[in-house]
Every structure is written in structure tokens, then in C-alpha cells.
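Each chain gets a letter, A, B and so on, in the order the sequences are listed, and its residues count up from 1.
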Protein chains: 2
Amino acid sequence: MNDVKSLLRGTTAFRLGLLGTLLSNQFGERIGAALDLKLKHAGVLVALDTRGSASQQELATLVGVAPSLVVALADHLEDLGAIERIRSDVDRRRMDLRLTPKGHALLVRCDEIAQTLSDEVTAALPRADREKLHKLLGAVTAHHKLPH
Amino acid sequence: MNDVKSLLRGTTAFRLGLLGTLLSNQFGERIGAALDLKLKHAGVLVALDTRGSASQQELATLVGVAPSLVVALADHLEDLGAIERIRSDVDRRRMDLRLTPKGHALLVRCDEIAQTLSDEVTAALPRADREKLHKLLGAVTAHHKLPH
DNA sequence: TATTGTTATACTCTATAACTATA
DNA sequence: TATAGTTATAGAGTATAACAATA
């Protein structure tokens, strides 16, 4: 079951960590080159796509970063025309952020890049196993919050 | 097959990246608190356990970090008594590093911590699925090099 | 007084470049 | 001249703390 000769390497956690880090780096490089985005920008896009709208404070906890970093992330996304910052009327301290059509299009491009990456990394697996892996990961991640 | 409502989140690559990062962070925190090790120290231990012995330059490429960083990693591991640095007789520029019994014991502790983490993260899965996930990850990672 | 967004500062990690000693 | 290890320096990324506006 476990390769005794291969300490640590043989654990599920180590394999997941290694592979996940590899994929995150790859994905980050690709959206950087193609879309001028970094990993956490994609995290903000996903959060806004899911929530529809959020304040910067809310995004900080959703994405799992410091509020000061959300400022920089939102600045860049705004420069790209991917999000709108609207000063709330009911509480003028708040900035309500939401995705623009351009932002949604960027997210679609991210999704395509991630799809390609998924196909590449699972290329050696038979189709049924690829789908099984996808489902198992879905079941596991369903029980966790989403940092970046 | 793919949840159209959940762009990016639904891809295998994103799930793997998210989960892998989470696990790496968790593992790093735990070996830091329990063993005074960081992720890359564990990478060096694994590499030495696999190779038996290696120079610092070799470790740099094996672990995927700059040679200057290997110095710091090896310094710390040497302080812990986990590795020995032996000046090579045939080429006195080289340092041949190898695991001490204490280093091997540390690696065993790392393995145990990773096992615990693996069990925790897959706790919601039936036993057969846990094993299937483990095997699928093994098949995928077998085709890749190992950075940290 | 507490909170949102922002700016200023500091810290961690890691790479690049410069240096030394051997080859 | 080239290479192994080391040291010094610099950059990226991100958090903490201080600040302004609003509640």
C-alpha cells in the first residue's frame, strides 16, 4: 500500500501538495503571460463571479488575503476594465465591486487555460480515471474554504 | 460534466492547485511547529533519502532551488544534526551531504505528519475512494519532476 | 469609538551577482 | 578558465501598522 522505501513521497498529502503547487505555478505563469493576471487576481474574479458583488473587506476574507492587498488587486483589475468600483450609497465608506463583461470574459479565458492545463496533466490517464479524479477532488474540496 | 455556473472553480487544475496549496501550507506549519523544519528542508531530506548522497549543487537542481539557498537549508539541517557535510576527498570543492540517523528519524516524523494530514483531508471519502485518489495522484505525479 | 478603504512600512522568501577556494 | 560552495545584495510578494473618511 505504502512504499516503505519512499518516505513522505508516498503520502497523498505530499503528492497533492507537489502536484498542486506545480499546477498553481503553471497556471499563474500562463494567465500572467496571456492575460496580465496573477493567481490572486483570478481568485478575486472567481469570488465576484460567485457572489455577484462584494466589498473589499469581504473579498479580503473570501480570498484569504490582507485588506491592503485587495486594494492593489482591485486597482489592477480596474485598470484592466475587469471590475467596477462603486461607492455605496447607503454606507459611503464601502466600495462595492462587481465584474464587468470584460471581467467575465477574462474569467472565461482563465477557465479555458485551466481546462487545457487539466488535460495536459491528466493526459496519461484513461478518460474514466480523469473523470474519477475530477469527482474525487470535487468531493474533497467541497469540505474546505477557498484561499487563493 | 462541468458546472457552467462555476467558471474556473470547476476545473481539475484549479481544484488540484487549491487543495495542494492548502495542504502544503498545512504541512509546512506542522513540521515547522513540531520539528523546526520548513517545506524545502523536507524536500532536501526526501532527496537525500532517495539518492543516498548528493552535493549541494546536485541538491539545488533536485529540489529546484538556487544553490545559495541550499547553503542555508543545509546549514539548518546540519544544526539539527539531520545531515552530515563531508568534504569530498577526490574533489575538495565538493561537499557530500548525507542523512544521519537523526535526519532519517525526522523524515519518518514528516511522513507521519503527512499521513495524518492525508487522512484528515480525505476523511469524507469512503476507503475505496481514498485509495483510488492516492493511486491516481501517483500515476499523475510519476510523469513529473519534483520541485519542493 | 468602530469600520472601510488606503498608504507606509517591514518582513519573509528566494534569486542573482560577487567572491573564495579548489580544479 | 571553470566549478563548488559561500556571502552580499536585490526583488517579489504580502502582512502589519498607521491614517483618513465615514459611520
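Note that CG of A:L7 is 5.0 Å distant from NE2 of B:H104, once rounded to the nearest 0.5 Å. B:E112 contributes atom CD, which lies 10.0 Å from atom CG of B:L107 (distance to the nearest 0.5 angstrom). With rounding to the nearest 0.5 angstrom, the CG atom of B:L16 is 10.5 Å from the CG atom of B:L23. Residue A:L59 holds its CG atom at 7.5 Å from CD of A:Q56, rounded to the nearest 0.5 Å. Remark: B:L19 CG to B:R15 CZ distance equals 10.5 Å, nearest 0.5 Å.
First and last contacts of DNA chain C with chain B, using any nucleotide atom under 4.0 Å from a protein heavy atom and ordered 5' to 3', fall at C:dC13 to C:dA23.
Going from atom CZ of B:R85 over to atom P of D:dG5 covers 9 Å, rounded to whole Å. Rounded to an integer number of Å, the gap from CD1 of B:I86 to C1' of D:dA4 is 16 Å. Rounded to whole Å, atom P of D:dG5 lies 13 Å from atom CD of B:E78.
Around CG of A:D89, the count of heavy atoms belonging to other residues, nucleotides or ligands within 6.0 Å does not exceed 12. The 12-atom threshold is exceeded at CZ of B:R30, counting heavy atoms of other residues, nucleotides or ligands nearer than 6.0 Å. Shown here is B:R85, whose CZ atom has more than 12 heavy atoms of other residues, nucleotides or ligands within 6.0 Å.
Nucleic acid contact for A:Q57: base, since at least one base atom lies under 4.0 Å from a heavy atom of the residue.
Using modelled atom types, no side-chain atom of B:S55 and backbone atom of B:D96 make a donor-acceptor pair closer than 3.5 Å.
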All N/O contacts under 3.5 Å from nucleotides 12-18 of chain D to the protein, with atom names and distances to one decimal?
from, atom 1, to, atom 2, distance (Å)
D:dG13, OP2, A:K38, NZ, 2.6
D:dT14, OP1, A:K40, NZ, 3.3
D:dA15, OP2, A:A66, N, 3.0
D:dT16, O4, A:S68, OG, 2.7

Close N or O pairs between protein and nucleotides 21-23 of chain D (under 3.5 Å):
from, atom 1, to, atom 2, distance (Å)
D:dA23, OP1, A:R92, N, 2.9

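Summarising the geometry of B:A114 relative to A:A13, their closest heavy-atom pair is O-CB, 3.6 Å, with the distance given to 0.1 Å.
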